[in-house]
Amino acid sequence: MLSLMTARDGNGLLSRRHFVAGGAGLLVATPAALAGLDLPPGMTRPGGGFGVYGQPSPHEKHTARAIAANRDLPGNGVSWTPLQDLEGIITPSGLHFERHHGGVPAIDPAQHRLGLHGRVGKPLTWTVAELLRYPRVTRQLFIECGGNSNSLWNAEPRQTSAGAMHGLASCSEWTGVPLRLLLEEAGAEKGATWLIAEGADAGGLHLSIPMKKAMDDCMLALWQNGERLRPEQGYPMRLVVPGWEGVTHVKWLHRLELASEPAMSRFETGRYTDLLPSGKARQFSFVIEPKSVITSPSPGQLLRDKGVYQISGLAWSGRGAVKKVEVSADGGKTWVQAALDGPVQRQCFTRFRIAWQWRGQAALLKSRVTDDTGASQPERSALVAERGRHGEFQFNGIVCWAVDEDGEVSHVYA
Ligand SMILES: Nc1nc2c(c(=O)[nH]1)N[C@H]1C(S)=C(S)[C@@H](COP(=O)(O)O)O[C@H]1N2
Ligand SMILES: [Mo]
């Protein structure tokens with residue numbers, strides 16, 4: 001049995017042993033005499049029929065992306081993954097976050113071509129059908145926009161759901177052709193140190209990636225979670241650049257160019273670059289630093305009854321694999337290590353969990369990830385001090401949710 005005596009960790013956090021062994025003591029269910037065990041109506045007649053493509057239950061309509069479209073720039077905007085309503089690590093394809101600079105182009109795969117030119121031995125083009133004959137790899141990888149969580153640079157904490165704050169990050173199983181195979185086929189010239197990738201959309205997005213990364217682990221993705229890419233994710237093909245900022249994952253990919261210098265496009269100069277207090281620019285900040293967020297409980301949710309709750313959330317790092325996640329219920333005075341759902345994969349979402357005994361006390365919930373390179377998350381105040389007041393991109397500071405005595409959860413800076 002769980003009891004107050006076992007809740008010796010900071011402000012009610014229970015150790016992993018209690019989380020695993022504590023099932024019998026949770027006392028959440030309604031006694032059978034009250035609920036009844038009648039024959040459910042679905043057992044008395046045949047149910048619904050078959051469908052060519054399944055949809056979520058009509059009772060789950062609230063599990064939806066939040067959208068912020070820019071009315072002055074048609075097709076420009078974002079939609080956020082509802083992280084607070086999801087479990088595990090894989091984002092359902094229809095809920096993957098979206099960041100489009102010029103809308104979603106309608107591409108006929110039979111007409112689409114991928115070209116490779118510039119400092120190559122021989123320029124090449126491929127049809128989709130040709131690309132489908134290459135060897136493939138599959139990896140579960142997150143993608144995070146450099147602009148994710150950017151409201152946390154604001155002076156006041158924004159009050160929205162965890163997803164509408166931190167959901168420009170999603171995780172899918174991507175399958176495609178190792179980019180190295182295509183680059184080797186064309187043959188790179190000696191001075192070809194940059195790969196410039198361009199999408200076939202009205203956003204005019206083109207972006208430079210160092211050749212070393214392109215040859216290492218980049219993928220020309222054609223499948224997402226077992227099916228062909230969704231139009232919103234770049235159908236018929238996109239770049240996947242493991243662990244690197246979202247803007248490098250060029251969608252609707254149609255042109256690759258090898259060069260000796262980066263393109264210096266507006267997506268890597270005016271945007272996705274931060275002005276530091278020193279006056280220098282933080283540019284080509286490709287790697288996603290370690291980050292975590294508690295998805296349950298999170299703002300907008302309510303703890304109705306006192307008792308044991310399962311705190312859970314997501315952690316990730318572009319540098320490698322999640323090594324540990326610590327959780328605090330007292331604003332960071334004491335930390336307890338959470339359990340990680342396995343397998344823990346590199347550059348992939350990792351789900352963490354820890355049990356928490358809520359006795360109706362006020363609490364400040366925080367999570368802090370450390371990856372296998374030893375890198376960790378800074379407190380928000382330290383990050384703001386380092387990056388200054390012009391910060392807009394790559395917020396990876398520790399996030400704090402306040403639980404009050406009524407069980408309401410809100411976003412605070414603490
Ligand atoms: N062609 C093209 N590629 C693009 C973009 C775009 O607008 N056009 N947006 C980029 C940005 S900023 C991000 S964060 C990711 C978002 O990928 P998603 O919409 O699949 O989540 O795609 C990147 N690739
Ligand atoms: Mo982005």
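Below, each value reflects all heavy atoms present in this structure, side chains not excepted, and no hydrogens, waters or symmetry copies. Counting convention: from 1, in listed order, for ligands and their atoms alike.
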K.L.:
Among all protein non-hydrogen atoms, which one is nearest to atom 14 (S) of ligand 1, and what is the separation to 0.1 Å?
P.N.:
C145 CB, 3.3 Å
K.L.:
Pull out every atom of ligand 1 sitting under 4.0 Å from any heavy atom of G199, numbered as shown with elements.
P.N.:
1 (N)
K.L.:
Which residue owns the protein heavy atom closest to atom 9 (N) of ligand 1, what's the atom, and how far is it?
P.N.:
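Checking every protein heavy atom, the shortest distance to atom 9 (N) of ligand 1 gives R99 O, 3.2 Å.
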K.L.:
Ring-plane angle category for Y413 and H411, please: parallel below 30°, perpendicular beyond 60°, tilted otherwise.
P.N.:
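The rings of Y413 and H411 stand perpendicular, inter-plane angle above 60°.
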K.L.:
Check each of L168, L205, D201 against atom 1 (N) of ligand 1 and report the one with the nearest heavy atom.
P.N.:
D201
K.L.:
I'd like to know if the side chain of H96 pairs up with that of E232 as donor and acceptor (distance under 3.5 Å, no hydrogens or angles considered).
P.N.:
no
K.L.:
Salt-bridged, K213 to D217, with N to O below 4.0 Å?
P.N.:
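Salt bridge present between K213 and D217.
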K.L.:
Looking only at protein heavy atoms, identify the closest one to atom 10 (C) of ligand 1 and say how far it is in Å.
P.N.:
V247 CA, 3.8 Å
K.L.:
Is ligand 1 under 4.0 Å from a heavy atom in the side chain of E198, in the backbone, in both, or in neither?
P.N.:
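Neither; nothing of E198 gets under 4.0 Å from ligand 1.
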K.L.:
Would you mind checking if E379 and R368 are paired as a salt bridge, meaning a charged N to carboxylate O distance below 4.0 Å?
P.N.:
no
K.L.:
Backbone, side chain, both or neither: what part of E245 comes under 4.0 angstrom of ligand 1, heavy atoms only?
P.N.:
neither
K.L.:
State the atoms of ligand 1, each with its element, that fall below the 4.0 Å cut-off from a heavy-atom position in H100.
P.N.:
7 (O)
K.L.:
Is F97 close to ligand 1, meaning an N/O of one under 3.5 Å from an N/O of the other?
P.N.:
yes
K.L.:
For W244 together with F286, are the ring centres under 6.0 Å from each other?
P.N.:
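Between W244 and F286, which both carry aromatic rings, the centre distance is below 6.0 Å.
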K.L.:
Could you tell me whether R319 and E289 make a salt bridge, using a distance below 4.0 angstrom between a side-chain N and a carboxylate O?
P.N.:
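Salt bridge between R319 and E289, a charged N being under 4.0 Å from a carboxylate O: yes.
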K.L.:
Over 60° means perpendicular and under 30° means parallel, so tell me whether H206 and F267 are parallel, tilted or perpendicular.
P.N.:
perpendicular
K.L.:
Name the closest protein heavy atom to atom 20 (O) of ligand 1, giving the residue it belongs to and the distance to 0.1 Å.
P.N.:
R238 NH1, 2.8 Å
K.L.:
Ligand 1 and W252, any nitrogen or oxygen pair closer than 3.5 angstrom?
P.N.:
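No, W252 has no N/O under 3.5 Å of an N/O on ligand 1.
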K.L.:
Is E87 paired with R351 through a side-chain N to carboxylate O contact shorter than 4.0 Å?
P.N.:
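Yes, charged N to carboxylate O under 4.0 Å.
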K.L.:
Using only heavy-atom distances, determine whether the side chains of N76 and R99 contain a donor-acceptor pair under 3.5 Å.
P.N.:
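Yes, because at least one side-chain N or O of N76 sits under 3.5 Å from a partner of the opposite role on R99.
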K.L.:
For atom 12 (S) of ligand 1, grab the closest protein heavy atom and report residue, atom and distance to one decimal in Å.
P.N.:
Y272 OH, 2.8 Å
K.L.:
Is a side-chain donor or acceptor of Q357 paired with a backbone partner of G12 at a separation under 3.5 angstrom?
P.N.:
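Checked: no pair found.
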K.L.:
Heavy atom to atom 19 (O) of ligand 1, shortest distance: which of K251, H254, E144 holds it?
P.N.:
K251
K.L.:
Is the shortest N/O to N/O distance between H249 and ligand 1 below 3.5 Å?
P.N.:
yes
K.L.:
Which residue holds the protein heavy atom closest to atom 23 (C) of ligand 1, what is that atom called, and what is the gap in Å?
P.N.:
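Sorting protein heavy atoms by distance from atom 23 (C) of ligand 1 puts G246 O, 3.4 Å first.
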